[in-house]
Enquirer: 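Structure provided below as structure tokens; questions to follow.
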Amino acid sequence: MDKLVIEGGKPLSGTIRIHGAKNAALPILAATLLAREPVTLRNIPKLLDIEVMLDIMRDLGCAVLRRGDVVTIDGTVADSSHVPERLMRLMRSSVFLMGPLLARFGEVQVYQPGGCAIGERKIDLHLRGLAALGAKIEETGSRIVCKAARLTGAEISLDFPSVGATENIMMAAVMADGRTTIIGAAREPEIQDLQRFLNAIGAKVRGAGTDTITVDGTDNLGGCDFQIIPDRIVTGTAMVAAAATRGEVTLEGAESAHLISLIHVMRRAGVHIETEDGIIRVGAKGRPRAVDRIVTSPYPAFPTDMQAQLMVLLSLAGGVSVIKETVFEGRFKHVDELCRMGADIRIDLNSAIVRGVPRLYGTAVEATDLRAGAALVIAGLAAHGRTIVEQVHHIDRGYDEIERMFASLGGDISRVSDG
Ligand code: UD1
């Protein structure tokens, strides 16, 4: 098991380039099964979750070739619609394969992804959406089989704007007969990227970025050469790390338009942020200010995936901040670890009351999930003394060598393998 060893207290400074978005790449990789010609995807990050998805695609029979951050996939040779339970359990995002496999093969077999560290994460909205398109769904234990000789467009209203359910329904509807309308759709930038990809292979999708998405079914699908958007959560993580260490960092290949709510909150905390085409500059000198009420909610509100990282910055602020988590019920696992580093945070139902302290102190902490892990790395970089972050594999799911990113900005951080 790898660990990160961090000697904290050095202001980060310098320039880094942001890699492609995991949460855009995963559904788009699944969607390549709809293409009738090979597809080239650029800016595919080297992350554990992406490699698991590529393994699943290979298992389904796809021809996959990776050269650096360019992945070429020929999904036309896929010959299976069964996602093996072993691979399904490795990554929840394999649920994205349901829509495209069902559309392509008329049936799909997957397994319940089960609970996960940040909450229950049901897939009922995915299944209801597929059923509305005409799929017959059988659940036996954890096995789920969906069948439909031909899917038919329908009007589907989501009770909650689930990112994954919106994406699954969009992909299933691409080849359906007639028009599908998703009402109450999620509006995340990754959904807009999926729409761009689907249209690039010939699909007829519009409305992504609003709460109503329309898909007109077509069989006329080809291939494409496509560039994935930059990762807004990696960008946000680096921005918060720059501020928490009172450094000055420039992020290139970033998209500030995807981070409006974070930028707004960080400016309220007194962080200096400048944006121009593809570039974000972050600088912080003194102690941050407390921010009274932050609520995580679906895009464009404050992202749940930045809640843990922002909490580190606010734990160093002058004053009391309140962060309410409304998307996932189990997303305060980093709080105990931050308190062990000297933070003063109290949980009251789904709110964290963060009383700023002048400094954090390094100690051994454990990454319990991806973003909690990223938060502990930021805390370690800002803290006095040595921090050891265990269970780094959680962080590797979403950050390509996080230690290299921060070391290139002058952070004293390295990875140690226990063998
Ligand atoms: C995606 C992101 C994840 C992010 C989350 C919320 C990917 C690969 N992952 O996850 O990083 O934290 O959006 O921004 O894109 N829900 C149901 N029934 C369903 C589906 C969801 O009740 O069928 C609930 C979930 O339990 C959760 C909430 O809806 O409480 C949000 O989930 P959702 O938007 O679906 O997140 P994911 O797509 O899993």
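Keep in mind it's a predicted model, so treat the numbers as computed, not measured. Order of listing sets the numbers, starting from 1, for every ligand and every atom in it.
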Enquirer: Tell me yes or no: between the side chains of R86 and Y111, is some donor less than 3.5 Å from an acceptor?
Expert: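 Looking only at side-chain atoms, Y111 and R86 do not form any donor-acceptor pair under 3.5 Å.
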Enquirer: When you measure from atom 23 (O) of ligand 1 to each heavy atom in V95, L158, L125, which option holds the nearest one?
Expert: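 Nearest heavy atom to atom 23 (O) of ligand 1 lies in L125.
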Enquirer: Could you list the atoms of ligand 1 found under 4.0 angstrom from a heavy atom of T304?
Expert: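 Near T304, the atoms of ligand 1 are 6 (C), 12 (O), 14 (O).
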Enquirer: Charged N to carboxylate O under 4.0 angstrom, R340 versus D336?
Expert: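 No, R340 and D336 are not salt-bridged.
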Enquirer: Does the side chain of I323 come within less than 4.5 Å of V291's, by heavy atoms?
Expert: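 No, their side chains stay 4.5 Å or more apart.
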Enquirer: Heavy atoms only: which of E167, R397, K122 is nearest to atom 21 (C) of ligand 1?
Expert: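 Ranked by closest heavy atom to atom 21 (C) of ligand 1, first place is K122.
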Enquirer: Show which atoms of ligand 1 fall inside a sub-4.0 Å distance from at least one heavy-atom site of V163.
Expert: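 Answer for ligand 1: 1 (C), 13 (O), 33 (P), 34 (O), 35 (O), 38 (O).
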Enquirer: Below 4.0 Å, non-hydrogen atoms only: which portion of I233 touches ligand 1? Side chain, backbone, both or neither.
Expert: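 It is neither; nothing of I233 touches ligand 1.
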Enquirer: Do S417 and D2 have side-chain atoms, one donor and one acceptor, less than 3.5 Å apart?
Expert: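 Side-chain D/A pair, S417 to D2: present.
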Enquirer: Measuring from the heavy atoms of H126, does anything fall under 4.0 Å of ligand 1?
Expert: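 It does; at least one heavy atom falls under 4.0 Å.
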Enquirer: For T180 versus L133, what's the shortest heavy-atom pair and its separation?
Expert: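 For T180 versus L133, the nearest heavy atoms are OG1-CD2, 3.5 Å.
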Enquirer: So which bit of D124 gets within less than 4.0 Å of ligand 1, heavy atoms only: side chain, backbone, both or neither?
Expert: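 Both backbone and side chain.
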Enquirer: For E401 and K46: C-alpha separation, side-chain torsions, deciding distance, then whether salt bridge (Lys or Arg N to Asp or Glu O under 4.0 Å) applies.
Expert: CA-CA 9 Å; E401 295 186 87; K46 270 198 114 211; over 6 Å; no
Enquirer: Could you tell me whether V327 and ligand 1 have an N or O pair separated by under 3.5 Å?
Expert: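 N/O-N/O distance under 3.5 Å: yes.
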Enquirer: Out of all atoms in ligand 1, which are within 4.0 Å of some heavy atom of S93? Include the element for each.
Expert: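 Every atom of ligand 1 under 4.0 Å from some heavy atom of S93: 8 (C).
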Enquirer: So, regarding E329 and ligand 1 (criterion: nitrogen or oxygen to nitrogen or oxygen, under 3.5 Å), is there a contact or not?
Expert: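 N/O-N/O distance under 3.5 Å: no.
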Enquirer: Can you confirm whether R415 sits close enough to D396 that some side-chain heavy atom of one is under 4.5 Å from a side-chain heavy atom of the other?
Expert: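 Yes. Closest side-chain heavy atoms under 4.5 Å.
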Enquirer: For ligand 1, which is the ligand I care about here, please tell me if N23 has any N or O atom under 3.5 Å from one of the ligand's N or O atoms.
Expert: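 Checking ligand 1 against N23, an N or O pair does fall under 3.5 Å apart.
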Enquirer: What atoms of ligand 1 come within less than 4.0 Å of a heavy atom belonging to G164?
Expert: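 It comes down to these atoms of ligand 1: 35 (O), 38 (O).
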Enquirer: If you measure every N or O of A165 against every N or O of ligand 1, does any of those distances drop under 3.5 Å?
Expert: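 So ligand 1 has no N or O lying under 3.5 Å from an N or O of A165.
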Enquirer: Please determine if K22 has a nitrogen or oxygen closer than 3.5 Å to a nitrogen or oxygen of ligand 1.
Expert: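 No; the residue has no nitrogen or oxygen that sits under 3.5 Å from a nitrogen or oxygen of the ligand.
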Enquirer: List every atom of ligand 1 that sits less than 4.0 Å from any heavy atom of F160, numbering the atoms from 1 in the order shown and giving each element.
Expert: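 Those atoms are 28 (C), 29 (O), 31 (C).
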Enquirer: Apply the side chain to side chain donor-acceptor pair (under 3.5 Å) test between R331 and each candidate in T368, T296, D369, D305; give the one that qualifies.
Expert: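 Of T368, T296, D369, D305, side chain to side chain donor-acceptor pair (under 3.5 Å) with R331 is met by D305 alone.
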Enquirer: Given D193, which partner from the list I228, L198, N23 fulfils the side chain to side chain contact (heavy atoms under 4.5 Å, CB included) test?
Expert: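 Of the listed residues I228, L198, N23, the side chain to side chain contact (heavy atoms under 4.5 Å, CB included) partner of D193 is I228.
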Enquirer: Tell me the contacting part of R92 for ligand 1: side chain, backbone, both, or neither, using a 4.0 Å heavy-atom threshold, strictly below.
Expert: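 Near ligand 1, R92 shows its side chain, while the N, CA, C and O stay back.
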Enquirer: Is any side-chain heavy atom of V271 less than 4.5 Å from a side-chain heavy atom of L313?
Expert: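 In contact.
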Enquirer: Using a strict 4.0 Å threshold on nitrogen-to-oxygen distance, state whether E51 and R66 make a salt bridge.
Expert: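 Yes.
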Enquirer: Go through ligand 1 atom by atom and flag the ones less than 4.0 Å from a non-hydrogen atom of R331.
Expert: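 Close to R331: 12 (O).
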